[in-house]
Structures are given as structure tokens and as C-alpha cells.
Amino acid sequence: MSETRLDQFEAYRQKMNERVMSLDHLGVKRFFNLDTAAYRDGALPSNTKELLGLVASAVLRCNDCIDYHLIQCIDAGWSDEEIVDALNVALVVGGSIVIPHLRHAIETIDLLRERAGNQ
């Protein structure tokens, strides 16, 4: 099996997160902790928060964030239909400029489902 752009993204993200944490900067560490804590169960369950993160990422047009949240959403058990419905909200909120990121998201879903089928 050849390496996909998703495999490259995950390896790069892990490598660079480790490097960022090695800087030992209190403000950076606090922000990373705040980000992690925001997605824990609270008044909303964590799986719903990941779906919200996906929508926000699409509206903000961040493909790395889209990939990250899609990994989390699929791990949380969201179906393709539910994810696409959430991405539709992003499209309506963000407008046509979101279309390239919608394409990216669909490709990522396909890659994740293909990966799951090969495991």
C-alpha cells in the first residue's frame, strides 16, 4: 500500500507537534491544552464538538484542520451521510469559496474509509 497525502499529513503533524512542544513555551503549551480541553465531553458530547470543529474548519478553509477533524469524526462513529450534512452547513455559511475545501474533505473521507477497509 502506497503512502497517501493523509499518511503524510499525520506523520508531519505528529513530528511538528513534538517539535513545537520541545520549545517548552508556556503560552504555546497552554493554548494546545485549551484546544484539547475544548473537545472533551461537556454540555455537548465530544463527538458533536468534533463535527462542529469540522464545520468551522471548512468555513475557515483550513485543509489541515479539515483532515484532523475528519479523522476524529470518523473515529467517533459519524457516518458519511452525517458528515456530508455537516459539510453542507459549512458550504451554506461559507459560500462557494468553500467548494474546493469540500472537495478536499470528500477525498479525505474516501481515503479514511479506504484505509479502514484495508485494516
Side-chain angles (χ1 to χ4, degrees):
M1 186 166 119
S2 64
E3 187 176 57
T4 67
R5 71 158 173 82
L6 193 57
D7 298 321
Q8 293 169 355
F9 162 73
E10 289 176 312
Y12 178 78
R13 183 178 181 277
Q14 180 178 345
K15 174 186 168 187
M16 292 313 300
N17 277 351
E18 289 170 5
R19 176 66 180 111
V20 168
M21 286 299 112
S22 77
L23 300 173
D24 202 30
H25 187 279
L26 182 60
V28 171
K29 285 185 173 185
R30 284 181 174 168
F31 184 84
F32 272 58
N33 187 52
L34 178 65
D35 179 67
T36 299
Y39 291 92
R40 291 188 187 126
D41 285 334
L44 294 173
S46 63
N47 67 333
T48 299
K49 291 179 179 185
E50 289 298 344
L51 206 58
L52 293 170
L54 173 61
V55 170
S57 298
V59 170
L60 292 170
R61 303 183 309 276
C62 176
N63 284 342
D64 283 1
C65 300
I66 289 168
D67 287 350
Y68 174 79
H69 287 292
L70 281 170
I71 292 165
Q72 301 309 310
C73 285
I74 287 176
D75 285 349
W78 292 109
S79 70
D80 292 0
E81 293 79 16
E82 291 166 323
I83 292 170
V84 170
D85 206 24
L87 288 167
N88 180 60
V89 172
L91 184 60
V92 169
V93 171
S96 63
I97 198 166
V98 173
I99 291 172
H101 305 280
L102 175 63
R103 291 184 195 114
H104 179 90
I106 299 307
E107 179 188 25
T108 298
I109 292 168
D110 291 347
L111 289 169
L112 288 165
R113 296 301 185 194
E114 180 181 317
R115 179 192 287 173
N118 291 334
Q119 290 179 352

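As the structure is a computational prediction, the values presented were derived from the model and not from experiment.
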Give, for atom [atom1] of [X] and atom [atom2] of [Y], the distance between the pair rounded to the nearest 0.5 Å.
X: Cys73; Y: Lys49; atom1: SG; atom2: NZ; answer: 13.5 Å
X: Asp67; Y: Leu112; atom1: CG; atom2: CG; answer: 7.5 Å
X: Leu111; Y: Leu6; atom1: CG; atom2: CG; answer: 5.5 Å
X: Ile83; Y: Thr108; atom1: CD1; atom2: OG1; answer: 10.5 Å

If the condition is salt bridge (charged side-chain N to carboxylate O under 4.0 Å, His left out), which residues does Glu107 pass it with, not counting sequence neighbours?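 For Glu107 the salt bridge (charged side-chain N to carboxylate O under 4.0 Å, His left out) partners, ignoring immediate neighbours, are Arg5.
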
Trace of the side-chain contact (heavy atoms from CB on, under 4.5 Å) decision for Asn47 with Gln72: CA-CA 8 Å; Asn47 67 333; Gln72 301 309 310; over 6 Å; no

Donor-acceptor pairs under 3.5 angstrom involving side-chain atoms of residues 32-45: please list them, not counting sequence neighbours.
unit_1, atom_1, unit_2, atom_2, d
Thr36, OG1, Phe32, O, 3.1
Asp41, OD1, Ser46, N, 2.6
Asp41, OD1, Ser46, OG, 3.3

Hydrophobic cluster identity match, [X] and [Y], side-chain contacts under 4.5 Å:
X: Ile71; Y: Leu52; answer: no
X: Ile74; Y: Val89; answer: no
X: Ile97; Y: Leu87; answer: yes
X: Met21; Y: Leu23; answer: no

Judged by atom type as modelled, is there a donor-acceptor pair below 3.5 Å linking the side chain of Asn17 to the main-chain atoms of Gln14?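 Checking the backbone N and O of Gln14 against the side chain of Asn17, no donor-acceptor pair under 3.5 Å is found.
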
With a cut-off of 3.5 Å and sequence neighbours excluded, list every side-chain donor-acceptor pair involving residues 53-66.
unit_1, atom_1, unit_2, atom_2, d
Ser57, OG, Gly53, O, 2.7
Asn63, OD1, His101, ND1, 2.8

Pairing residues for Asp80 by the side-chain hydrogen bond (donor to acceptor under 3.5 Å, both in side chains) criterion, not counting sequence neighbours: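 Result, side-chain hydrogen bond (donor to acceptor under 3.5 Å, both in side chains) vs Asp80: Arg113.
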
May I have all residue pairs that pass salt bridge (charged side-chain N to carboxylate O under 4.0 Å, His left out) and include part of residues 9-24, sequence neighbours excluded?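 Matches after skipping sequence neighbours: Glu10-Arg115, Asp24-Lys29.
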
Check side-chain contact (heavy atoms from CB on, under 4.5 Å) between Asp110 and all other residues, then give those that pass, not counting sequence neighbours.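 Ile106.
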
Pair Tyr68, Glu50 - check side-chain contact (heavy atoms from CB on, under 4.5 Å), show working. CA-CA 9 Å; Tyr68 174 79; Glu50 289 298 344; 4.3 Å; yes

